[in-house]
Amino acid sequence: MPISITNTSGGTGYVDIRVGTGHGIHQGFLDVSTLTSSDDADGYLPPGLPISATGDPVGSSEAAYGIIGPEPVKMGSADHFGNMIFTGTLNRNAIEDNLGRALSADELAGIASGCPGIKLIYQT
Amino acid sequence: MPFDFLGKVTGLSAADLTVREQARLAQNPLELRWRAIFPPTPANSLTVSQLTRPDTRLAAEYREFNADGREIPEILGPRVDAEMVPMTATHHIDEKRLTVLRAPNPRLSQLVEDGVIADVRTWPTRLANAVDWGTEYMAFLMWATNTITVKDPKTAKSTTVPRGISSDRYITESTAWNDGSVNAYDRLLFRISEAQRLIGSVGAVRMRRATAEAVRADAPNGPNALRPTIANIQDRLSEEGFGQIALIIDERTVDVFDDGGSAYTTTNLIPAEKVLFQPAGDGAVGATYTYPVSRAYDHVSGDHRVNLNDTVVWYTPQNNGKTLLIEAEAIRLPLTDESKTYVVDAGV
């Protein structure tokens, strides 16, 4: 058979989004069917992704329940739980690098309304 | 506590990891220059006061009989007070990753051994390297620009602190050395003589490749009209009466984070167009003041092998033991000595 070469690109791993200590970390429900556009190429939800109480991405006028973290969550084929951060100071630059995009206005509003114990630090 | 066992495994205690990293970095595996150009100097305070001895050569005068002679006054050089802050590199290993890393998986173990991924044993090396590279970057930044940029490790905010060395020692050429109206070689000779006046005998000139090429383009040809090499130019500098001067082309880079996230930009240690002069002898242009990382004392159990004035590595469990926070930290500040500093912006 002919020689076959497969190249896999390297890259930067997810960066820790926590600032300081004392974060409230627990698990939250994930509605897998609604998160198919939120995972990375390897099927992981990145740390920093806001999740609503019903387990789907935070949409318009929707409060966030928690933020994926501290570790990425491997998506399964059926609904399951994943680790989430509920309180504490988080690094918005790190979150947006992990997501590969800026947090949307809906997400920022959802975090402010649904997770009042979370403070996103961000200075330019 | 779940991670106490790490301290009981040979080689994994904070003291053992610190001794390992300090011994490794003392051999200069990263081929850095700050230890030579800014030699470590222990300080007994977080506030460093550096008083520069003035370079004055006051001459006495003749006097008439029965008249007074010249009174020589006290002359003080400039003084700088600088406050040190820690330089810290951290990494969190959370519960799932730690569980996977510690499982008996030959493929994972091989990836760790090969340095492709890191675990509790090998993250200290990466973090200690980051602190060493950070020190190198800060030292060259202060030296080349007369400023130091302090960034928030968690946001994009930064402040620039001026070092405050006299502008007589940071020169910007009015015409770039690669301009057709300027002979870059002659300008280098002129600047070496100026540097001699301000810092004493010059032992080395450090610059980027583009600047060196501009000098070479204007340097006189050798015998048989051969284009001069960098080594030829060094020999010529000696023949011009300057003594042995090394012409160092320094294109080394360091990866500097853009903001509080993970994105970084590969940055040259010597900014473009800068020409840095080093005095003859030890070539030192300042010192790196160090202060003990005293908060790590308990973590290293007071081990006498550990030098708290150097980079210290330790780990602390967090999140009820589900997270391991590994830290490498040094409290040190490279500071240029005004009497040994002379930098030219050559425009190329």
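It should be emphasised that the depicted structure is a prediction, and the values quoted were computed from it without experimental measurement. By convention in this document, chain letters (A, B, ...) are assigned in the order of the sequence lines, proteins followed by strands, and residues within each chain are numbered from 1.
- The neighbour count for A/Y14 OH, taken as heavy atoms of other residues, nucleotides or ligands under 6.0 Å away, is above 12.
- For CZ of A/R101, the number of neighbouring non-hydrogen atoms (other residues, nucleotides, ligands) closer than 6.0 Å is greater than 12.
- When each of A/N98, A/I95, A/T89, A/I25 is checked for heavy-atom pairs under 4.5 Å with chain B, A/I25 comes out on top.
- Within 6.0 Å of the OH atom in B/Y297, the count of heavy atoms belonging to other residues, nucleotides or ligands does not exceed 12.
- The main-chain N or O of B/H92 is never found under 3.5 Å from a side-chain atom of A/D16 such that the two would form a donor-acceptor pair.
- Residue contact with chain B, scored on non-hydrogen atoms closer than 4.5 Å, is absent for A/R92.
- For B/R24, the CZ atom counts as densely surrounded, since its 6.0 Å shell holds more than 12 non-hydrogen atoms of other residues, nucleotides or ligands.
- A/E71 and B/E95 get closest at one heavy-atom pair: OE1-N, 3.5 Å.
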*Step by step, would you call B/H91 with A/V15 a side-chain contact (heavy atoms from CB on, under 4.5 Å)?*
CA-CA 9 Å; B/H91 187 77; A/V15 64; over 6 Å; no

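- Within a 6.0 Å sphere centred on NZ of A/K119, other residues, nucleotides and ligands contribute 12 heavy atoms or fewer.
- Rounded to the nearest 0.5 Å, atoms CD (B/Q318) and NE2 (A/H23) are 9.0 Å apart.
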Pairs of donor and acceptor atoms involving the side chains of residues 259-266 of chain B, under 3.5 Å and at least two apart or interchain, shall be tabulated with distances.
{"residue": "B/D259", "atom": "OD1", "partner": "B/G261", "partner atom": "N", "Å": "2.8"}
{"residue": "B/T265", "atom": "OG1", "partner": "B/D258", "partner atom": "OD1", "Å": "2.6"}
{"residue": "B/T266", "atom": "OG1", "partner": "B/D255", "partner atom": "OD1", "Å": "2.8"}

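- Scanning all heavy atoms of the two residues, the minimum distance from B/K157 to A/T124 falls at CD-O, 3.2 Å.
- Side-chain atoms of A/N93 come within 3.5 Å of backbone atoms of B/A156 as a donor-acceptor pair (strictly under, hydrogens ignored).
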